[in-house]
S.K.: 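The structure's right below; bear with me while I get my questions together.
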Amino acid sequence: ILMQLCMLLTNQEKNLRGSSNMQTEKKLIFPTLITRGNLIADQTEKNNWFSAYLEYSNSEGQSMDFLGFNLVHRDVRFFKAFSYIADVLRDHLLSLSVDLNKISIYMTKAWFNVSTFNYQHLHDHADAHFSMTYYPHIAEGLDEKELIFHDINESRNSPYKGFLENIVTEDTNINGCEHIFNPKEGDIFVFPAYLSHEVGCPDDVPNNELDNLEWSAQKFKTYEQLQHSRFCVGCDAIITRRDTESYENLLLPVEMWKQY
């Protein structure tokens, strides 16, 4: 994976265009890494996810972390799925040359983000270290919706805010401050938890829903309704050091913590 990443950056550097008559060398530094994996859920597994949603939702059929439904990662039915998601996070960390022998991964919460019109405003998960999203089910017609990541601090290559907004001939990874993915069924995304992101576009939301929408917590009360949705599982993780023998600039193991 690391070799592929290095090759990708090298190829991007080769494709950076300047003056055709000038011999220059260009280097990409400080890129932001997002890892994309995939785990296809069979129909039995999808039914388990649907059942869990109906269990972890309120009387109105809403389920989100801000409503208090954030312990899905502790459900034994999904041990395989969350273990795989953790493995994708490990792969992400290996791409950063992290020594996995020195760390432990803790998933702190997991929740459902299920929608049909698919909009969630710009936000981050800055109370965690890494965030992951998993899409075990996406109904037909909802797989073109966008997951959009933003650098809210503006492009590092812009000398001041707004400089690159209207004068570029094309949007690229080095002149822009957003990147768009179209999640497909089974996709898993791993990204730094501080990274701002949004889902879809406000224009996707029916006018009669937008004013009443609280963070895209739509209402689903039946299997049939869930089968026609874009079913996303979100989860957050923190990283601690595995032992107390050295500092390593990491949090102490959780068992060392004490509540007051």
Side-chain angles (χ1 to χ4, degrees), residues 1 4 34-58 60-65 67-95 100 105-120 125 128 130-149 180-191 193 197 199-200 204 216-237:
I1 295 296
Q4 292 174 345
I34 296 176
T35 296
R36 187 177 196 169
N38 192 273
L39 176 66
I40 296 297
D42 61 28
Q43 192 56 55
T44 299
E45 291 168 325
K46 288 184 179 183
N47 289 341
N48 284 337
W49 287 116
F50 297 159
S51 294
Y53 180 96
L54 298 177
E55 295 167 22
Y56 302 134
S57 59
N58 61 23
E60 297 297 317
Q62 297 170 298
S63 181
M64 278 284 282
D65 57 338
L67 294 173
F69 302 104
N70 49 27
L71 298 177
V72 184
H73 59 302
R74 299 179 67 90
D75 192 313
V76 296
R77 289 172 292 184
F78 309 116
F79 177 81
K80 171 186 172 183
F82 284 110
S83 294
Y84 190 88
I85 292 170
D87 284 341
V88 179
L89 173 55
R90 290 185 182 92
D91 181 81
H92 180 93
L93 294 170
L94 284 172
S95 296
L100 298 183
I105 295 173
Y106 290 91
M107 287 195 185
T108 56
K109 65 177 180 178
W111 64 95
F112 298 127
N113 188 350
V114 183
S115 178
T116 55
F117 51 69
N118 187 47
Y119 173 66
Q120 190 171 42
H125 302 175
F130 291 94
S131 291
M132 294 77 72
T133 57
Y134 172 45
Y135 301 83
H137 175 77
I138 300 179
E140 184 177 356
L142 295 180
D143 59 353
E144 295 303 318
K145 302 299 183 181
E146 298 172 339
L147 172 61
I148 309 170
F149 291 95
I180 298 174
F181 292 92
N182 293 108
K184 304 301 181 185
E185 188 166 287
D187 274 353
I188 298 168
F189 291 90
V190 176
F191 52 94
H197 55 287
V199 179
D204 294 341
S216 76
Q218 274 186 268
K219 300 175 182 179
F220 298 89
K221 293 187 175 182
T222 67
Y223 274 79
E224 183 177 5
Q225 290 174 334
L226 291 167
Q227 287 170 347
H228 292 89
S229 73
R230 178 179 178 272
F231 197 105
C232 176
V233 182
C235 51
D236 289 341

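When reading the values below, keep in mind they use all heavy atoms of this one structure, side chains included, and skip hydrogens, waters and symmetry mates.
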S.K.: Are Pro136 and Val233 packed together at the side-chain level, in the sense that at least one heavy-atom pair is separated by less than 4.5 angstrom?
M.R.: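 They are in side-chain contact.
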S.K.: Of all heavy-atom pairs between Ser229 and Val114, which one has the smallest distance, and what is that distance?
M.R.: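 Where Ser229 meets Val114 most closely, the heavy atoms are OG-CG1, 3.3 Å.
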S.K.: Using a distance-only test with no angle check, is there a side-chain donor-acceptor pair under 3.5 angstrom linking Ser131 and Asp236?
M.R.: yes
S.K.: In terms of heavy-atom contacts, does CZ of Phe79 have more than 12 from other residues, nucleotides or ligands at under 6.0 Å?
M.R.: no
S.K.: So, do Leu54 and Tyr223 sit near enough that their side-chain heavy atoms are less than 4.5 Å apart?
M.R.: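 A side-chain contact exists here, since the closest heavy-atom pair is under 4.5 Å.
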S.K.: Just by modelled atom types, is the Phe191 backbone N or O under 3.5 Å from a matching donor or acceptor in the His92 side chain?
M.R.: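 Not at all, since once roles are kept as given, no pair shorter than 3.5 Å links the two residues.
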S.K.: Would the number of heavy atoms belonging to other residues, nucleotides or ligands and lying under 6.0 Å from CD of Glu224 be above 12?
M.R.: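 Open: at most 12 neighbouring heavy atoms sit under 6.0 Å from CD of Glu224.
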S.K.: Using a cut-off of 6.0 Å, state whether more than 12 heavy atoms not belonging to Lys184 lie near its atom NZ.
M.R.: yes
S.K.: Would you check if the side chain of Asp75 reaches a backbone N or O of Val72 as a donor-acceptor pair within less than 3.5 Å?
M.R.: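 No, because the side chain of Asp75 does not come within donor-acceptor range (under 3.5 Å) of the backbone of Val72.
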S.K.: Quick one about Asp143 and Tyr135 (side-chain donor to acceptor, distance below 3.5 Å, no hydrogens or angles considered), yes or no?
M.R.: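 No, no side-chain donor-acceptor pair sits under 3.5 Å.
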S.K.: Given side chains that start at C-beta, do those of Ile180 and Leu147 come closer than 4.5 Å, heavy atoms only?
M.R.: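 Of all side-chain heavy-atom pairs linking Leu147 with Ile180, none is under 4.5 Å.
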S.K.: Phe50 and Gln227: side-chain contact (heavy atoms from CB on, under 4.5 Å), yes or no, with the steps?
M.R.: CA-CA 8 Å; Phe50 297 159; Gln227 287 170 347; 3.6 Å; yes
S.K.: How far does CD of Glu55 sit from CG of Asn48, to the nearest 0.5 angstrom?
M.R.: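 If I round to the nearest 0.5 Å, the distance is 9.0 Å.
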S.K.: At what distance, to the nearest 0.5 angstrom, does CZ of Phe231 lie from CZ of Phe220?
M.R.: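 So the CZ of Phe231 and the CZ of Phe220 are separated by 9.5 Å.
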S.K.: Indicate yes or no: at least one non-hydrogen side-chain atom of Leu93 is less than 4.5 angstrom from one of Leu100.
M.R.: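 In short, these two side chains touch, coming nearer than 4.5 Å.
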S.K.: Which one of Gln218, Gln225, Arg230 satisfies the side-chain hydrogen bond (donor to acceptor under 3.5 Å, both in side chains) criterion with Thr116?
M.R.: Gln218
S.K.: Nearest 0.5 Å, please: how far is CE in Met132 from NE2 in His125?
M.R.: 10.5 Å
S.K.: When you look at CZ of Arg74, are more than 12 heavy atoms from neighbouring residues, nucleotides or ligands closer to it than 6.0 Å?
M.R.: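 Open.
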S.K.: Heavy-atom distance under 4.5 Å between the side chains of Leu71 and Phe69, does that happen here?
M.R.: no
S.K.: Looking at Arg90 and Asp87, does any basic side-chain N land under 4.0 Å from a carboxylate oxygen?
M.R.: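 Yes.
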S.K.: Nearest 0.5 Å, what's the OH-OG1 distance between Tyr106 and Thr108?
M.R.: 12.5 Å
S.K.: Hey, does the side chain of Tyr56 reach the backbone of Met64 with a donor-acceptor pair shorter than 3.5 angstrom?
M.R.: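 Such a contact is absent between Tyr56 side chain and Met64 backbone.
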S.K.: Do Val199 and Ile148 have side-chain heavy atoms sitting under 4.5 Å apart?
M.R.: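 They are not in side-chain contact.
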S.K.: Could you walk me through whether Leu67 and Asn58 pass the side-chain contact (heavy atoms from CB on, under 4.5 Å) check?
M.R.: CA-CA 8 Å; Leu67 294 173; Asn58 61 23; 4.0 Å; yes
S.K.: Where do Asn70 and Trp111 come nearest, in terms of heavy atoms and distance?
M.R.: CA-CB, 4.3 Å
S.K.: Is the shortest side-chain N to carboxylate O distance from Glu185 to Lys46 below 4.0 Å?
M.R.: yes
S.K.: Drop me the distance from Thr133's OG1 to Arg36's CZ, to the nearest 0.5 angstrom.
M.R.: 9.5 Å
S.K.: For the backbone of Phe82 and the side chain of Tyr134, can you confirm whether one donor and one acceptor N or O come within less than 3.5 Å of each other?
M.R.: no
S.K.: Any idea which heavy atoms bring Leu89 and Ala237 closest together, and the distance?
M.R.: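 Heavy-atom minimum between the residues: CD2-CB, 4.0 Å.
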S.K.: Under the side-chain contact (heavy atoms from CB on, under 4.5 Å) criterion, do Ile34 and Phe181 qualify, and how do the steps go?
M.R.: CA-CA 11 Å; Ile34 296 176; Phe181 292 92; 4.0 Å; yes
S.K.: State whether a side-chain donor-acceptor pair under 3.5 Å links Ser57 with Gln62.
M.R.: no
S.K.: Flag the pair Val88 / Thr35 as yes when at least one side-chain heavy-atom distance between them is below 4.5 Å, and no otherwise.
M.R.: yes
S.K.: Salt bridge check: are Arg77 and Glu45 linked by an N-O gap of less than 4.0 Å?
M.R.: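 No, no charged N to carboxylate O under 4.0 Å.
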S.K.: Once you round to the nearest 0.5 Å, how far does SG of Cys235 lie from CZ of Phe78?
M.R.: 12.5 Å
